Peer 1: 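Encoded as structure tokens, here's the structure I'll be asking about.
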There are 2 protein chains.
Amino acid sequence: MKPETRKNEIIIKAAALFKDKGYSAVTMRDLATALGIKAASLYNHIDSKQAILQDIILSIAEEFTAGMETILQDEGSSINRLNQIIQLHVTIASRNADGMAALNTDWMHLENKLDYYLSLRDTYENNFRNIIIDGIEQGEIKDENVEVILFSMLSTLRSLYLWIPKKEDLNIDQLSDSLSAILISGINT
Amino acid sequence: MKPETRKNEIIIKAAALFKDKGYSAVTMRDLATALGIKAASLYNHIDSKQAILQDIILSIAEEFTAGMETILQDEGSSINRLNQIIQLHVTIASRNADGMAALNTDWMHLENKLDYYLSLRDTYENNFRNIIIDGIEQGEIKDENVEVILFSMLSTLRSLYLWIPKKEDLNIDQLSDSLSAILISGINT
DNA sequence: ATCGCAAACTAACAACTGTTAGTTTTTTTA
DNA sequence: TAAAAAAACTAACAGTTGTTAGTTTGCGAT
């Protein structure tokens with residue numbers, strides 16, 4: 001992420017702290033100390049603790065929304081689209097793992113932006129589901145339970161943020177390819 | 001779970017609240033109100049908020065540890081063992097989805113029991129990994145990246161608690177079978 | 001009836017919470 | 001170098017936090 005402005009530095013540091021302890025357990029004094037300033041000074045740059053969370057989560061959620069729209073506009077088989085989705089998740093998670101943590105575990109603290117977030121998530125999941133349904137109808141994907149397929153892929157992709165930071169030896173493209181192979185072709189011989 | 005004693009009622013209700021808002025965001029007054037009593041009354045039954053979290057998380061973690069030991073003692077192919085692991089996760093998650101939420105998202109607040117929890121988790125993951133490695137050596141499992149296989153399966157299994165409560169039409173055995181098929185054989189035709 | 005006890009209550013504590021107001025210091029601009 | 005803007009500071013607020021102490025209530029067993 002880009003720490004150009006002081007506000008951005010604060011948001012990035014906040015995301016890192018939120019990842020370790022969760023939104024509710026991080027105090028404004030914790031955040032200030034981590035930045036080497038006093039809590040009150042934070043308010044020269046940000047409106048509230050809540051606004052920090054909104055910034056972190058919604059910017060990522062909108063990135064996913066935009067990525068999904070691009071994938072839907074492209075021509076391509078369902079399997080091809082699923083591969084693009086995998087790539088989208090790997091890309092975003094590797095660029096902003098800390099933010100992904102907040103999105104995954106602290107979205108329920110979004111207060112007045114909660115409905116907006118949930119609508120983005122809902123749309124995303126529906127698009128994802130429809131790609132799978134299409135694939136089954138076209139004979140590209142096995143006729144297994146759609147919900148289980150969706151849940152299984154989404155669970156793995158949503159957890160990438162936990163895992164990418166500690167396996168830096170694997171590059172993004174390798175990881176995407178490896179994940180595609182496993183999620184789509186399975187693991188048995 | 002068994003709400004026989006008042007203490008158990010408290011722990012079960014706490015797990016439900018922790019699932020919705022996370023450990024740090026749930027106050028003892030929230031918990032008391034949900035039980036129809038005052039916060040101070042909780043302390044006739046439990047030692048501290050922290051002790052509630054420990055009870056919830058460690059009892060499940062020990063259940064997983066015991067389950068894994070049983071699986072390792074049985075004879076069986078690697079694929080067979082993976083299927084047993086899937087069944088173990090489905091069983092525990094469906095019996096105690098709320099507790100699984102705490103285990104997944106609030107383990108970092110365990111304080112003096114944190115090291116113990118991490119050692120259990122570490123051992124579990126190592127056993128899981130070794131089963132996969134065995135399977136590859138025996139030619140039962142494709143020679144893909146072991147860490148990606150492990151991560152992919154664990155992510156899905158660890159997220160079951162999010163998903164089981166809202167799909168009650170699918171029974172436990174059907175879900176196990178469906179998950180096995182998808183995680184092991186993949187989804188492409 | 002009364003004893004014993006589990007389980008509730010009221011009242012209060014010291015520490016911590018997010019945030020504001022007002023002021024001073026540092027950096028950038030002209 | 002002086003003015004303007006950015007970014008830090010101190011001090012304090014009102015509300016919330018987990019928890020303790022001491023007391024009262026309801027109920028089954030004697």
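This is a predicted model, so every value here is computed, not measured. Naming convention: chains lettered A, B, ... in sequence-line order (proteins, then strands); numbering from 1 in each chain.
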Peer 1: With a cut-off of under 6.0 Å to the ring centre and 45° to the axis, is A:K13 in cation-pi contact with A:F18?
Peer 2: no
Peer 1: Has B:K49 got its NZ or CZ under 6.0 Å from the middle of the six-membered ring of B:Y23, at an angle within 45 degrees of the ring axis?
Peer 2: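 Here B:K49 passes the 6.0 Å and 45° test against B:Y23.
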Peer 1: A:L17 CG to C:dG18 P: how many Å, rounded?
Peer 2: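 Taking CG of A:L17 and P of C:dG18, I get 12 Å after rounding.
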Peer 1: Expressed as a whole number of angstroms, how long is the span from B:M28:CE to D:dT16:P?
Peer 2: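 After rounding, the gap between these two atoms is 18 Å.
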Peer 1: Report the residue (A:A25 or A:D47) whose heavy-atom-nearest nucleotide on DNA chain C is the more 5′ of the two.
Peer 2: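 The 5'-side residue here is A:A25.
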Peer 1: Hey, mind stepping through A:K113 and A:E62 against salt bridge (charged side-chain N to carboxylate O under 4.0 Å, His left out) and telling me if it holds?
Peer 2: CA-CA 13 Å; A:K113 288 293 194 328; A:E62 284 163 358; over 6 Å; no
Peer 1: Do the non-hydrogen side-chain atoms of B:T65 and B:T123 ever get within less than 4.5 Å of each other?
Peer 2: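 No. Closest side-chain heavy atoms not under 4.5 Å.
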Peer 1: Does A:H45 place a side-chain N or O at less than 4.0 Å from the phosphate oxygens OP1/OP2 of D:dA6?
Peer 2: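 It does not, given that no N or O in the side chain of A:H45 lies less than 4.0 Å from OP1 or OP2 of D:dA6.
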Peer 1: Any N or O donor-acceptor pair linking the side chain of A:N44 to the base of D:dA6 at under 3.5 Å?
Peer 2: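 Between D:dA6 and A:N44, which were checked side chain against base, a qualifying N/O pair under 3.5 Å is absent.
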Peer 1: Given that A:K38 and B:R29 both sit by DNA chain D, which one's nearest nucleotide is further toward the 5' end?
Peer 2: A:K38
Peer 1: Between A:A40 and A:D30, which has a closest nucleotide on DNA chain C that is more 5'?
Peer 2: A:D30
Peer 1: Roughly how many Å is it from NZ in A:K49 to P in D:dG15, rounded to a whole number?
Peer 2: 19 Å
Peer 1: Are OP1 or OP2 of D:dC9 and a side-chain N or O of A:S41 less than 4.0 angstrom apart?
Peer 2: yes
Peer 1: Could you state the atom-to-atom distance from CG of B:L42 to P of C:dA6 in whole Å?
Peer 2: 17 Å
Peer 1: Please give, in whole Å, the distance from D:dA8 P to A:I10 CD1?
Peer 2: 7 Å
Peer 1: Can you measure B:I37 atom CD1 to D:dG26 atom P for me and round it to whole angstrom units?
Peer 2: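 Those two atoms, CD1 and P, are 16 Å apart.
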Peer 1: Can you figure out which of D:dT20, D:dA7, C:dT19 approaches the side chain of A:Y43 most closely?
Peer 2: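 Given the options D:dT20, D:dA7, C:dT19, the side chain of A:Y43 is closest to C:dT19.
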Peer 1: Which of the following nucleotides, D:dT19, D:dT17, C:dG18, is nearest to the side chain of B:T27?
Peer 2: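 Shortest atom-to-atom distance from the side chain points to D:dT17.
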Peer 1: In whole angstrom, give the distance that lies between atom CG of A:L35 and atom C1' of D:dC9.
Peer 2: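 From A:L35 CG to D:dC9 C1': 15 Å.
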Peer 1: Sub-3.5 Å donor-acceptor pair from the side chain of A:S155 to the main-chain atoms of B:S155, do we have one?
Peer 2: no
Peer 1: Quickly work out the A:I46 CD1 to D:dA6 C1' distance and round it to whole Å.
Peer 2: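 About 16 Å, once rounded to whole Å.
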